[in-house]
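Just so you know, ligand 1 is whichever comes first in the structure, and atom 1 is the first atom listed for that ligand.
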Amino acid sequence: MKKYLLMAPGPTAIPSQVLLAMARPVIHHRTPEFKAILKEVNQGLKHLFKTKNPVVTLSASGTGAMEAAVVNTLSRGDRALVVRGGKFGERWGDLCEAYGVEAIHIDVEWGHAADPAEIKKALDENPGIRAVFTTLCETSTCVRNDIEAIGKIVAGSQAIFVVDAVSGLCAEDLKTDEWGVDIAVTGSQKALMLPPGLAFASVSPKAEALIKSSDLPKFYLSFAKALKSLEKDDTPFTSAVSLIFGLKESITLLKEEGLENVIKRHARLAHATREAARALGLDLLAKSPSNVATAMIMPDGIDAEKLRKILSADMNITVAGGQDALKGSVIRVAHLGYCSESDTITTISAIEMALRKLGHDCEPGVGVAAVEKALSE
Ligand code: PMP
């Protein structure tokens, strides 16, 4: 038997307190007891999103909240600006296309962050843009975008500002209201330390105004229905009761640690992981790295997928591989959610051993030494 270590940028490991909370018997979702729990988690979500606006909970994976953001605010033939610097930026474009929204793409080289000036230029050149779709952490490249700077630009336009914070929320700072984010979306299986299955979206008054005029088809993902129920601490359909029990517990844990400390923990582990990669002679893909995960470029002749197989077979550790064109050339090592210093040390040590097994020239312990040094700074 080998102890399992899940070091991918979602799904992430789940604390035992959360697992135990989800193991309690299911209660009916229309009872006063459950409504009291919903009330508490709805308040807690606002705290995590740093918003005074309502945060809608959907029984879906993160993409469900992305789709909801599109279908609830836009209308057929509307134009939207899509920042595309990786797999998840592309998803905004795919969603627009699926619903007949004209997407104007700002293509960013994978590994780079979006340049806010380009967004300003595109907004100036294309009057009538209804929405700007961006990504806080582009998990496919591990890049963090400057949401604060982009928010300042979008605030001066009539467009709503929509941020995919599926992997980023609670790992990176996201001041939803202060930065002018009209809709931020996230998923349960990342920094919220829950299984996959819940998606969340904050909705500003500017976004609510668009909901009234939107004519795209929707039923299950209707924000109007969800917001109406939310006022009564209810949900339009059957809640994912057990996941909500877990959410209550994970919010308690995040509050106990303190949101700012949670973000600092992510930043610290991210820094240590990057230092380890450098010490191992691996280049980093992200020019503007995120706290969520670190994309390490494999040296010539080393196949990332082979390395992942060794990590899995020898150590029972899961890290993510590269997506699309990056498959085989990068590994993505997470420091997301329920992740500790010892998890990072163990993972770097295992990567070091696997690299050596594949013929990479590195001294045993150099990566771990770099982690130790970074963590004691
Ligand atoms: N956006 C980002 C930034 C993500 O990291 C992910 C999940 N990896 C998604 C969207 C999609 O979420 P899901 O797989 O939960 O639908």
Query raised in the report: So is E138 polar-close to ligand 1, meaning N/O to N/O under 3.5 Å?
Result: no
Query raised in the report: Taking distance alone, with no angle check, do V166 and ligand 1 share an N/O pair under 3.5 Å?
Result: no
Query raised in the report: Relative to the ring of F219, is the ring of F237 parallel (under 30°), tilted (30 to 60°) or perpendicular (over 60°)?
Result: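 If you compare the ring of F237 with that of F219, the planes turn out tilted.
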Verify the distance criterion only: is there a donor paired with an acceptor across the side chains of [X] and [Y] at less than 3.5 Å?
{"X": "T63", "Y": "R91", "value": "yes"}
{"X": "H112", "Y": "S288", "value": "no"}
{"X": "T318", "Y": "Y4", "value": "yes"}

Query raised in the report: Given the rule that I, L, V, M, F, W and Y join up when any side-chain heavy atoms are under 4.5 Å apart, are L311 and M296 in one cluster?
Result: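 As far as the 4.5 Å side-chain criterion goes, M296 and L311 are connected within one cluster.
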Query - Option with minimal heavy-atom separation from atom 11 (C) of ligand 1, where the choices are K190, Q323, R91, E67 - result: R91
Query raised in the report: With clusters built from Ile, Leu, Val, Met, Phe, Trp and Tyr whose side-chain heavy atoms come within less than 4.5 Å, directly or transitively, what are the remaining members of the cluster of F88, listed by chain and number?
Result: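 Hydrophobic cluster check, F88: no partners found.
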Ligand 1 atoms in contact with [X] (distance to a heavy atom under 4.0 Å):
{"X": "T139", "result": "2 (C), 3 (C), 4 (C), 5 (O)"}
{"X": "T63", "result": "11 (C), 12 (O), 13 (P), 16 (O)"}
{"X": "S167", "result": "3 (C), 5 (O)"}
{"X": "S61", "result": "13 (P), 15 (O), 16 (O)"}
{"X": "M66", "result": "10 (C)"}

Closest protein heavy atom (residue, atom, distance) for [atom]:
{"atom": "atom 14 (O) of ligand 1", "value": "Q189 NE2, 4.0 Å"}
{"atom": "atom 1 (N) of ligand 1", "value": "D164 OD2, 2.6 Å"}
{"atom": "atom 6 (C) of ligand 1", "value": "F88 CE2, 3.4 Å"}

**Report entry** Residue of the set E257, H335, E260 for which side-chain hydrogen bond (donor to acceptor under 3.5 Å, both in side chains) holds with R265
**Finding:** E257
Query - Summary of ring pair (Phe, Tyr, Trp, His ring centres under 6.0 Å) pairs that have at least one residue in residues 114-154, sequence neighbours excluded - result: W92-F133
**Report entry** Proximity of C137 to ligand 1 by residue part, where a heavy atom lies under 4.0 Å
**Finding:**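 Only the backbone of C137 comes within reach of ligand 1.
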